[in-house]
Amino acid sequence: MDWASEIEKMIAAKRILREVDVDNLWRYEAPSPPATEEAIQLAERNIGCSLDSEYASFLRQANGWPAFLQNIDLFGTDELSGPRLREARELIELPEVAAATGIADSRPIPIGASETSIDMFVIFGRSGKKSSPVLWIAGVEIERYDSFLDFFRGMVSHNLKEARDLSAQS
């Protein structure tokens, strides 16, 4: 997987969005430096399963991304081993969220969350498949992606759409 190319596409999309965000609606931050293998292993021990191979590969290039989409942070190994993971897990374990998203009987792992809204990104624990589905939820399922790569590319598209929408309002 050529994450450097994918990351450059997101950086370009965020740059375009920043240029049209004249009201400073969103934060614009760079991806975090790469994760170490030790940090990835610690995160896996903390969540109790192996990370999806595409997500782990991404973390080796960028250990998370603050304000990945609007105010939603994409978790790195620090968040997967800390209080943000526990807080996000508490939200997705609420019966109404589990029922509305259909994740009640699966192993959802939060990989992103907002500190100001109920939006979060959830990947499913590996079940022997090469790729795991990723959900964007906000109380209910917003979107579902077949893999972490599809999710990442979808978030590039969402940032570009946000830029078009803001540009049209100007």
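Reckoned from all heavy atoms, side chains included, excluding hydrogens, waters and symmetry mates.
- By the rule that hydrophobic residues join a cluster once side-chain heavy atoms approach within less than 4.5 Å of another member, V20 and M10 end up as members of separate clusters.
- Taking both residues in full, the closest heavy atoms of A56 and I40 are given as O-CD1, 3.9 Å, listed atom of the first, atom of the second, then distance.
- N63 and P33 make their closest contact through CB-O, 2.9 Å (heavy atoms, listed as atom of the first residue, atom of the second, distance).
- Pairs of residues two or more places apart, or lying in two chains, that qualify as salt bridge (charged side-chain N to carboxylate O under 4.0 Å, His left out) and include a residue from residues 7-16 are E6-K9.
- For R45, the side chain to side chain contact (heavy atoms under 4.5 Å, CB included) partners are Q41, L42, not counting sequence neighbours.
- Evaluation of the salt bridge (charged side-chain N to carboxylate O under 4.0 Å, His left out) rule for R60 yields E37 as partners, not counting sequence neighbours.
- Under the rule for a side chain to side chain donor-acceptor pair (under 3.5 Å), the partners of D73 that lie at least two apart in sequence or sit in another chain are R27, R84.
- Residues that satisfy the side chain to side chain contact (heavy atoms under 4.5 Å, CB included) test with S157, not counting sequence neighbours, are absent from this structure.
- Transitive grouping of hydrophobic side chains (ILVMFWY, heavy atoms separated by less than 4.5 Å) keeps I11 and L17 in distinct clusters.
- Looking at every heavy atom in both residues, A13 comes nearest to N159 through CB-CB, 4.2 Å.
- Considering only residues two or more places apart in sequence or on other chains, I47 meets the side chain to side chain contact (heavy atoms under 4.5 Å, CB included) condition with C49, L51, L85, R89, I109.
- The six-membered or imidazole ring of F68 lies near that of F152, with a centre-to-centre distance under 6.0 Å.
- When the side chain to side chain donor-acceptor pair (under 3.5 Å) test is applied to S117, the partners found at least two apart in sequence or on another chain are S114, D119.
- You'll find the side chain of E54 stays beyond 4.5 Å of the side chain of S57, heavy atoms only.
- Note that OG of S167 is 10.5 Å distant from CD1 of I16, once rounded to the nearest 0.5 Å.
- The shortest heavy-atom contact between I7 and A62 is CD1-CB, 3.9 Å.
- Linking Ile, Leu, Val, Met, Phe, Trp and Tyr residues whenever their side-chain heavy atoms come within less than 4.5 Å places L160 and L149 in a single cluster.
- When all heavy atoms of G112 and I72 are compared, the pair lying nearest together is C-CG2, 4.3 Å.
- Contacts classified as ring-ring contact (aromatic ring centres under 6.0 Å, His included) and involving residues 16-56 (residues at least two apart or in different chains) are given here: Y55-F148.
- The shortest side-chain heavy-atom distance between L25 and L166 falls under the 4.5 Å cut-off.
- Residue I118 shares its hydrophobic cluster (ILVMFWY side chains chained together at separations under 4.5 Å) with no other residue.
- Under the side chain to side chain contact (heavy atoms under 4.5 Å, CB included) criterion, E143 pairs with W136, Y145, H158, sequence neighbours left out.
- Listed by chain and residue number, nothing satisfies the side chain to side chain donor-acceptor pair (under 3.5 Å) test with N46 (two or more places apart in sequence, or in another chain).
- With rounding to the nearest 0.5 angstrom, the CG atom of L135 is 4.0 Å from the CD atom of E141.
- Atom CG of D165 has more than 12 neighbouring heavy atoms from other residues, nucleotides or ligands inside a 6.0 Å radius.
- Using a 4.5 Å heavy-atom threshold, the side chains of L74 and F58 count as touching.
- Closest approach of S132 to I123, counting heavy atoms only: CB-CG1, 3.8 Å.
- Not counting sequence neighbours, S5 has no partner by the side chain to side chain donor-acceptor pair (under 3.5 Å) test.
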